[in-house]
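One structure below.
First listed ligand is number 1; within each ligand, the first listed atom is number 1. Computation of the quantities below employed the complete heavy-atom set of this structure, encompassing side-chain atoms and omitting hydrogens, waters and symmetry-equivalent molecules.
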Amino acid sequence: MDINKLASVAQAMVADGKGLLAADESTGTIGKRFDTINVVSSADTRRDYRELLFKANDIEKFISGVILYDETIRQSASDGTSLVDLMLNKNIIPGIKVDTGAKPLAGSQNETVTEGLDGLAARVEEYVGLGAQFAKWRAVIKIGEDMPSGYAIHTNAHALARYAKICQEGGLVPIVEPEVLMDGVHDVEVCQHVTEETLNAVFGEIYAQGVELEAMILKPNMIIPGSDCVDTIDTLAIADRTVATLKRCVPAAVPGIMFLSGGQSEADATLNLNTMNAQNSNLPWKLSYSYGRALQASALKAWKGVKDNVVSAQKALTLRAKLNSEACKGNYLGE
Ligand code: 13P
């Protein structure tokens with residue numbers, strides 16, 4: 001393991017004005033996205049869609065890397081170029097989701113623990129051989145009646161740190177993603193409290209298991225009210241609470257924090273990231289994006305599975321990436 005090399009990959013992931021495209025939807029999840037545009041999900045349609053995204057003109061100006069799914073990292077574009085080479089030719093860093101999903105947590109009614117540790121070292125070795133330079137693992141923390149339990153937080157934090165250490169040993173920069181879900185009626189204070197408890201547990205495990213902070217990326221949720229909460233909140237309050245939480249919980253040695261969008265609209269995810277960067281200078285870490293839905297929603301709608309729509313879908317993706325790139329610098333001026 002060459003930690004300096006991993007640390008420089010982590011720095012490249014959060015290069016100025018750049019973020020990640022999360023295109024690592026599992027086969028089930030991308031199927032649900034395709035249902036919304038009446039496209040049948042097959043290995044070919046999934047390849048066509050991902051090829052469209054990665055080939056979008058100028059995307060490399062705003063995107064440092066892409067998170068891939070196991071199927072995608074093995075696929076080739078229509079001209080036979082592997083999708084990984086297509087990215088490398090544009091200076092885009094390939095990454096890979098290595099967890100195998102959130103599964104029911106034994107001893108809990110409604111909570112999950114993310115699985116995928118068995119055989120992980122061997123899979124990391126294979127993914128490095130396929131060109132991956134970073135990895136992602138998503139833990140899911142739910143807010144609701146009697147949730148989250150300390151048990152769910154700690155089992156997920158333990159697994160996240162185990163995953164991160166295995167990746168670093170195998171030569172991948174781990175993206176550590178403890179997602180506190182937006183679903184629910186809870187207010188912003190509850191989200192903040194649960195997120196702080198979660199991040200403290202995660203960084204406790206990261207320390208206990210010897211994960212190198214300089215060679216990892218944190219991918220957290222923003223501090224926002226539940227999607228069914230009746231309160232309204234402005235972007236300044238979201239930015240203040242999110243940055244306060246991160247300052248309390250995330251060591252300064254971590255090079256970058258790349259948010260998930262978590263169900264926020266494209267415009268909200270961009271605005272909130274922008275407000276954080278516009279309101280704060282001299283933060284110890286870069287604040288950037290690793291969005292799935294908030295980068296792809298317009299592009300998916302524009303595409304609809306039709307060849308003639310490919311260029312307009314690509315334009316929609318590049319525009320979203322450009323606006324988020326501006327948000328990384330606090331320069332976003334609105335839609
Ligand atoms: P969203 O931005 O759609 O939340 O997806 C990001 C991601 O990678 C979730 O694991």
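Listed by atom number, the atoms of ligand 1 under 4.0 Å from Tyr291 heavy atoms are 2 (O).
No side-chain donor-acceptor contact under 3.5 Å links Glu212 to the backbone of Ile3.
Residues forming a side-chain contact (heavy atoms from CB on, under 4.5 Å) with Asp79 (at least two apart in sequence, or on another chain): Ala77, Thr81.
At least one heavy atom of Ser290 sits less than 4.0 Å from an atom of ligand 1.
A donor-acceptor contact closer than 3.5 angstrom is absent between the side chains of Thr114 and Arg138. In this model, no donor atom of one side chain and acceptor atom of the other lie less than 3.5 Å apart for Thr318 and Asn57. No side-chain donor from either of Ser41 and Arg33 sits under 3.5 Å from a side-chain acceptor of the other.
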Mind running side-chain hydrogen bond (donor to acceptor under 3.5 Å, both in side chains) on Thr100 and Glu115 for me, showing each step along the way?
CA-CA 5 Å; Thr100 56; Glu115 294 188 350; 5.0 Å; no
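Taking all heavy atoms of Gln264, Lys97, Lys219, Glu25 into account, the minimum distance to atom 7 (C) of ligand 1 is reached by Lys219. For the residues Glu179, Arg33, Glu177, the heavy atom positioned nearest atom 9 (C) of ligand 1 is part of Glu177.
The list of side chain to side chain donor-acceptor pair (under 3.5 Å) pairs with a residue in residues 295-307, not counting sequence neighbours, reads Glu25-Gln296, Tyr49-Gln296, Glu266-Ser298.
The protein non-hydrogen atom at the shortest distance from atom 10 (O) of ligand 1 is Lys136 NZ, 2.5 Å. Closest to atom 4 (O) of ligand 1 among all protein heavy atoms lies Gly262 N, 2.7 Å. For atom 1 (P) of ligand 1, the closest non-hydrogen atom on the protein side is Ser261 OG, 3.3 Å. Of all protein heavy atoms, the one closest to atom 5 (O) of ligand 1 is Gly292 N, 3.6 Å.
For a threshold of 3.5 Å applied to N or O pairs, the pair formed by Arg293 and ligand 1 contains at least one separation below that value.
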